[in-house]
Amino acid sequence: MNQNVGWLVVGLLVGSCALSQAEVGTSKETYSTAEGCGVEREVRMEWWREARFGMFVHWGLYSIPAGEWNGRKWKNGGVEWIQKKANIPAEEYEKTLVPQFEPKPGFAEEWAETAKLAGCRYLVFTSKHHEGFSMHDSKVTTFDAKDACGRDIFKEVVDATHAEGLKFGAYHSVIDWHHPQAYAGFGLPTIKGVTNEGRDNSVYVDYLHRQVEEIMSGYGPIDIVWWDFSKPDCQGESWRAEELIAMVRKYQPQILMNDRLFATKHGFMSKKESPLKGWNPNRGDFTTPEQHIPDTGAEGVDWETCMTMNTTWGYNQHDHKWKTSEKLIRNLVNVVSKGGNYLLNIGPMADGTIPQESIERMKVIGQWMDVNGEAIYGTTASRFKKPQWGRYTSKSDRFYAHVFQWPEDREIVVDAQNLEVSRAYLLADKEQDLQINQTPQGLVIHVPKNAPDKIASVIAIECKIAD
Ligand code: GLC
């Protein structure tokens, strides 16, 4: 890397792998994710750091009731939890919903095309959510897509995703509200009336391992496993994490995984907490702030904000609180400007159709990415202070000013000295050099009267930074 370039590069080598084996709750400090530390981890992380933008898909039996059960409606919040919200016994849930599970042909191609069109570089799909319904063809249960509709839904999604040239991730819930031996409670959400009496959780954990093994061994390359979720008294060895991680790595040596086999606050923390507090790279390759964007990123930490487009992960016919395209694009920029990835969720309807509101937003994001993608992909956090007018992202020989508030005086001020700038130009008009002046206030860039993009206009600034 150019010695003169002083950008803060997020995601440097992750220090020593040799943490102590001290027990923490039901977890140890060191897990076999550590085998991927150092150079090997750096190599595995390369595509993910380059990608910056992914599409999350929550889709399961819960997409059928779509936020309504026996006349009761939920207007917002995660309705993939409807089984818990409405306290539906596993048997009733299965009997009611499985016969209605009828994915339309070609739905997976539509998802992958939508992700591609929006500029996503990866897609993460729920192989199993908390309800316990498996999308892959599982030999250890009949509560799976193959038995329900005669199709291996997981395979359809993996193949369609890879066919679009995108990386594929499997979200896999370690919680299971359907398996008769899985502990309820134990720090985890229960369905009313379910007790652990007579249950042998180890039988469920065997089942969990078998299903993960089916997924890891039967579908070609799986690029991410996105575990969900743990609590302090149910984590790590409660899932036999050491063995589970080792098995996953055996089949998929290149795989990346998040750290939700462990009770991390990052997933559920309040906005005030840093996503990095207590982050342990031995417990996962990246950490996952949920539904919010941390105030700052941090050097050496790989993180991914996952976020819904309205307020729910699974489809909810009653949730109309859609974020605007402007909000979503600025969120993406904001996340990337701090060195993170943005995993944006869609919740397809019962037959796999993506809600029109989501399609429209993904299209707008895609149009923006067509012009400005180079200011997102492969960029890192900027060392500059967050400007009033927008955000910065950075590469080794240039940085990008993402302007949210276009200046009436037609001047963008970059609060930095000693920049050796060779050129500045709008990504929307690459041929036209913008006039620049180095002033005591910083670098002043003179811009046209009208913003080329009302949401975020991007100026590329090619430069060297003097030491
Ligand atoms: C939470 C929720 C879950 C959702 C996930 C996404 O863990 O339980 O419904 O899938 O967050 O991050």
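In each ligand, atom 1 is the first atom listed, and ligand 1 is the first ligand listed. Values below: all heavy atoms of this structure, side chains included; hydrogens, waters and symmetry mates excluded. Bear in mind that the values here come from a model prediction, so they are computed numbers and not experimental data.
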Restricting to heavy atoms, the pick from Glu290, His58, Lys84 nearest atom 11 (O) of ligand 1 would be Glu290
The atoms of ligand 1 lying under 4.0 Å from a heavy atom of His129, numbered in the order shown, are 3 (C), 4 (C), 9 (O), 10 (O)
Any heavy atom of Trp226 closer to ligand 1 than 4.0 angstrom?
yes
| task | Taking only Lys NZ, Arg NE, NH1 and NH2, and the carboxylate oxygens of Asp or Glu, determine whether Lys116 and Glu113 approach each other closer than 4.0 Å. | result | no
If we number the atoms of ligand 1 from 1 as shown, the ones under 4.0 Å from a heavy atom of Trp81 are 2 (C), 3 (C), 8 (O), 9 (O)
Salt bridge or not for Glu110 and Lys104, using N-O below 4.0 Å?
-> yes
Please determine if Asp285 and Arg44 form a salt bridge, counting it only when a charged side-chain N lies under 4.0 Å from a carboxylate O.
yes
In Phe133, Phe101, Phe154, Tyr171, the residue satisfying ring pair (Phe, Tyr, Trp, His ring centres under 6.0 Å) with Trp59 is Phe101
Check your understanding: So does Lys85 have more than 12 non-hydrogen atoms from other groups sitting under 6.0 Å from NZ?
Key -> yes
Tyr171 heavy atoms within 4.0 Å reach ligand 1 at atoms 10 (O)
Counting from 1 in the order shown, the ligand 1 atoms closer than 4.0 Å to a non-hydrogen atom of Asp228 are 1 (C), 2 (C), 3 (C), 4 (C), 5 (C), 7 (O), 8 (O), 10 (O), 11 (O)
Q. Is the shortest N/O to N/O distance between Arg260 and ligand 1 below 3.5 Å?
A. yes
Exercise. Quick one: do Tyr377 and Phe53 satisfy ring-ring contact (aromatic ring centres under 6.0 Å, His included)? Show the steps, please.
Key: CA-CA 8 Å; Tyr377 302 126; Phe53 183 34; 8.2 Å; no
Requested in this report: Could you label the plane-to-plane angle of the Phe56 and His58 rings as parallel, tilted or perpendicular, counting under 30° as parallel and over 60° as perpendicular?
Outcome: perpendicular
Rounded to the nearest 0.5 angstrom, the OH-CZ distance for Tyr122 and Phe168 is 13.5 Å
(message) Against ligand 1, does Gln291 come closer than 4.0 Å with any heavy atom?
(response) no
One finds that the ligand 1 atoms under 4.0 Å from a non-hydrogen atom of Glu80 are 3 (C), 9 (O)
Any atom of ligand 1 sitting under 4.0 Å from a heavy atom of Gly78? no
Ligand 1 atoms nearer than 4.0 angstrom to some heavy atom of Cys306 are 12 (O)
